[in-house]
Amino acid sequence: MQKTFYVVGNLKMNMLSCDEAGQYLSVLKREMRGREFSFTQGVICPSFLYLSLFDHLPSGLTKGAQNLFPEKSGAYTGEISPVMLKNDGVTHVILGHSERRLYAGETDEDVREKVLAALKYHLVPVVCIGETKEERAREETEEVLLRQVKAVFDGLSKLQAESIMIAYEPRWAIGTDVLPTTSEILQVRVFLRKFLTETFDASVAERVVILYGGSVKSSFLPAISWEAQVDGVLVGRESLFPYELVKMMEMFENEAKKEKTKKRI
Ligand code: PEP
C-alpha cells in the first residue's frame, strides 16, 4: 500500500486581520496552482477566527484547527466544540501542543479527553508529544514520551488508535532552529512503533502516522523526514510562507514517487 505523506502547517496566533489571512490564502492558492498531489496531503491550521476563510482549498489541502474543547455544546465560555469544527469542514485538529501544555496548563489527561472528543466526532487528532531540554539532558526522553502516549492510547480500540496522528515535537526544537539528528528521530519512531505494536499490534503500528515537528524547513526535509522514516512534518514558522509549505509538499510527493518506482524495480 502506497502511504500518504503529511505536511501540517500550524499558523498559530498569527495574521492580525481577515485581510492578512485572505492575502496569505491567495498566495497559497497561487502556489498550489497547476500542482497535483497523489501521495501528499497538506493540512493548514489557521486561527479559529479565520477558519471559514479557508473553505474551498485547492485539492491536496484540507483545513485543520489548533485546539478544541471536549464537549459538544453548552456553557463553556470562550471554547470551541469539535462539532462546530466538523460542521465547518475541519478535518484535523492539533492537540496537546507544547505551547498549550505550557501556557494553558494542559495535562496528559486533558489531552486524552480532547483526543476522545475528536475521535467521537470524526476529526483526526494530531497529538503532539515531546520532551523538554532538561528532560532530554537527564536522558528521560523515552520515559516522558511513554507517559504521554500511554495517556492517550490506553484503553482505545484498534480502530480508534489507528485514526490518530502522532507529532513528535521535542520542545527544545520548537522555534529554536536546533534540531535532533536523523538517528534521534529514527530512534523515537522505532520506540513509538514498538509501543503501538505491544499495545495493539503490528498493523496498528504500521498505520499510525508519525510526524516530526520542530524548526522544520524544506532544506532539512531529507534528514528529518525520509532518512528518519517519518510520515510527514508539523511546521510552525515556515508555514507562514506558502511557498515553503507547498515546496515541502512537493518534496514529499517526489520522494513518494521515487519510493514507488523503487518498489517496482
Ligand atoms: C510547532 O510549534 O509546532 C513548530 C513546529 O514550530 P516551529 O516549526 O516554528 O519550530
Strictly by modelled atom types, are [X] and [Y] linked by a side-chain donor-acceptor pair under 3.5 Å?
{"X": "Gln41", "Y": "Thr62", "value": "yes"}
{"X": "Glu134", "Y": "Trp172", "value": "no"}
{"X": "Ser163", "Y": "Gln160", "value": "no"}
{"X": "Glu238", "Y": "Tyr243", "value": "no"}

With a 4.5 Å cut-off on side-chain heavy-atom distances among I, L, V, M, F, W and Y, is there a chain of contacts connecting [X] to [Y]?
{"X": "Leu11", "Y": "Leu57", "result": "yes"}
{"X": "Leu123", "Y": "Met165", "result": "no"}
{"X": "Val126", "Y": "Phe5", "result": "no"}

Under 3.5 Å donor-acceptor, [X] side chain and [Y] backbone:
{"X": "Ser225", "Y": "Pro222", "answer": "no"}
{"X": "Arg101", "Y": "Cys128", "answer": "yes"}
{"X": "Ser239", "Y": "Gly236", "answer": "yes"}
{"X": "Thr4", "Y": "Phe39", "answer": "no"}

Thinking salt bridges, do [X] and [Y] make one under a 4.0 Å N-O criterion?
{"X": "Glu250", "Y": "Arg35", "answer": "yes"}
{"X": "Lys12", "Y": "Glu99", "answer": "yes"}
{"X": "Lys150", "Y": "Asp108", "answer": "no"}
{"X": "Asp88", "Y": "Lys63", "answer": "yes"}
{"X": "Lys258", "Y": "Glu255", "answer": "yes"}
{"X": "Arg136", "Y": "Glu140", "answer": "no"}
{"X": "Arg193", "Y": "Asp201", "answer": "no"}
{"X": "Asp110", "Y": "Arg100", "answer": "no"}

Distance flag, aromatic centroids of Trp226 and Phe252, threshold under 6.0 Å: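 Under 6.0 Å, so yes.
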Count the heavy atoms belonging to other residues, nucleotides or ligands that lie under 6.0 Å from NZ of Lys29, then report whether that count exceeds 12. yes
Can you name the closest pair of heavy atoms from Ala117 and Leu68 and give their distance? CB-CD1, 4.2 Å
Please give me the minimum heavy-atom distance between Pro180 and Pro170, naming the atom from each residue. CG-CG, 4.0 Å
Which distance, rounded to the nearest 0.5 Å, do you find between the OG of Ser157 and the CZ of Phe200?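 It comes to 7.5 Å.
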Between Ile166, Val127, Val204, which is the residue that forms a side chain to side chain contact (heavy atoms under 4.5 Å, CB included) with Phe153?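 That would be Ile166.
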